[in-house]
Amino acid sequence: MFSPNNIENIQECLNFISGKWELPEEKMGHITSPFTGQIIANTYRSKNATVNSAVLSASKSQQEWEKYSYRDRAAIFLNYRKWLIENLTELAKIISNECGKLPNEAKDGLLKGIEILDYAVSIQNLDQLGKMTVSKGVQCEYRREPLGVVAGITPSNFPAMVPMWMFPIAIMVGNSFIWKPSEKTAMTAYYLAQGFKEAGLPDGVLNVIQGDKETVDLLCDHENIKAIAFVGSTPVAKHVYTKATTSGKRALTLGGAKNHIFLMPDAINELAVEGILSSFTGCCGQRCMAASVLLAIGDTQKIIEDIIIKAKNFTPGKDIGALITKQSLQKVEKAISTASLNKEQILVDGRNPKVEKELSLGNWLNPTIIDYVLPESILAKEELFAPVLSIIRCKNIEEAMQIENANPYGNAASVFTTRGDIAEFVTLNARAGMIGINVGIPVPREPFSFGGINHSKFGHGDITSDGGLEFWSNRKKVTTKWFQIKNQNWMS
Ligand code: NAD
């Protein structure tokens with residue numbers, strides 16, 4: 001595979017404008033390996049002049065790109081798909097290297113991204129919109145049109161999957177796309193953009209702009225960007241939504257989460273143990289769909305004990321990845337230390353796990369389980385974004401539901417039970433956009449769309465599938481009449 005410089009060396013996180021890689025204006029900082037603490041990349045901030053030139057070039061490219069037929073666009077996408085599959089293992093290593101996931105977890109994220117690419121390819125066959133004879137000699141039809149230049153701002157925890165929620169659909173419907181990756185994981189963008197270029201995507205249709213909040217604000221304010229999608233933490237999601245819509249853009253911004261699992265005594269042990277364990281430890285807990293609070297209803301002790309046995313047996317770097325930054329590690333360690341103040345019980349303490357010498361400067365936290373957490377404690381309320389499971393003991397499902405309903409977020413809620421009435425109660429009453437029944441990470445498979453509610457999402461619609469299709473395009477409504485009919489009323 002091509003490389004901006006050898007992966008062993010320090011990578012420069014460049015901009016990609018008009019199909020060319022360029023150094024942004026201002027040095028910002030660096031990315032350190034979550035595994036070893038070593039510097040692996042230099043990061044840069046794009047300023048006003050660069051953002052303007054990117055939007056200008058994207059706009060010129062878009063005018064040509066929208067003339068391509070869906071079939072011609074899909075042919076390029078299929079080349080890209082082939083390239084992604086051929087380079088899957090190497091891409092997974094690159095993603096893992098910068099965000100601390102295990103390589104197989106990075107591969108799963110990429111495969112989910114490819115699923116969205118597949119959806120985008122299928123638009124040519126699925127999106128028949130509609131045409132109807134609405135009265136004598138009069139037809140109405142929908143036509144889908146791109147918006148023009150659009151942008152996506154993405155978080156650190158999924159350097160490939162989350163951008164791939166956005167740019168395949170946006171580009172397939174005829175837009176040019178400007179992607180601002182997270183400055184904490186800015187390396188993967190090079191490979192994803194270069195691979196699309198090699199697959200035949202015309203220059204300027206996909207652009208990468210590096211930077212931080214200053215660059216994000218420039219994108220939000222730019223008058224020639226028509227729509228912005230954002231995924232990241234809730235305060236920034238709110239900020240981007242307000243700023244982008246104030247400047248007249250369409251915006252959809254996904255925020256953070258605090259996901260609850262309802263555990264019933266009648267749950268199937270194996271299903272519950274595996275489902276809960278993998279939900280809170282996968283990707284080192286750095287998933288917006290990760291379980292964070294376990295609402296243990298009645299006598300669920302055996303299941304909890306089986307989770308504990310497994311959670312104590314994790315080897316860092318083999319069974320669990322690392323946290324993205326040192327700051328994330330310090331923040332969660334501080335939150336865990338509040339447990340003793342509140343007389344909560346730390347059943348499994350994952351702090352300072354034993355690691356090999358060369359990993360000693362990594363951001364390691366093994367699975368941590370805290371019992372008898374109070375609903376008002378920060379362990380129960382704040383998004384920790386780490387492999388920490390807070391158990392709240394509940395007398396009944398109604399009490400558990402009150403706790404879930406009081407949380408301001410709304411991405412996911414799951415229930416482990418064999419009772420259909422309980423599963424239905426949770427489905428009806430949990431305040432979350434995605435529900436799991438005996439599934440710990442209820443991410444819908446395409447063509448079922450992805451999106452939460454409440455403080456986990458600002459704006460209307462979902463980010464993938466038909467949600468993305470509607471977000472990144474306009475429906476033009478055309479009414480046609482080819483001849484005059486006598487004695488018509490106004491509807492004819
Ligand atoms: P973050 O909010 O710090 O950063 C996200 C993006 O916003 C980055 O590109 C960053 O450069 C930019 N940014 C940061 N501060 C900004 C500011 N003040 N003004 C403007 N832009 C700013 O998030 P993160 O730490 O990179 O990612 C983790 C968060 O993302 C978690 O809260 C997680 O739940 C959330 N997330 C949500 C979903 C979802 O589907 N809802 C998916 C993945 C991640």
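Note that these values count all heavy atoms, side chains included, but never hydrogens, waters or copies made by symmetry. One-based numbering, in listed order, for ligands and for the atoms of each.
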Within-shell test, W165 vs ligand 1, heavy atom, strictly < 4.0 Å: yes

Atoms in ligand 1 flagged as close to E383, the criterion being non-hydrogen separation under 4.0 Å: 31 (C), 32 (O), 33 (C), 34 (O)

Backbone or side-chain N or O of K213 under 3.5 Å from ligand 1 N or O: no

For atom 8 (C) of ligand 1, closest protein heavy-atom neighbour: T154 O, 3.4 Å

Under-4.0 Å heavy-atom contact with ligand 1, by part of N411 that carries it: side chain

Shortest reach to atom 42 (C) of ligand 1 by a heavy atom, considering only C288, P235, G433: C288

Any F385 heavy atom less than 4.0 Å from ligand 1: yes

Options P155, A186, G255, ranked by nearest heavy atom to atom 37 (C) of ligand 1, top entry: G255

Nearest option to atom 25 (O) of ligand 1, as decided by whichever heavy atom of K184, M434, H455 sits closest: K184

Atoms in ligand 1 with a heavy atom of L254 nearer than 4.0 Å: 39 (C), 40 (O), 41 (N)

Residues R45 and E183 bridged, charged N to O under 4.0 Å: no

F450 and ligand 1 - part of the residue with a heavy-atom distance under 4.0 Å: side chain

Distance-only N or O hit between ligand 1 and S156, under 3.5 Å: yes

Proximity winner for atom 2 (O) of ligand 1, if only heavy atoms of A412, A290, S233, G232 are counted: S233

Centroid-centroid under 6.0 Å between W472 and F177 rings: yes

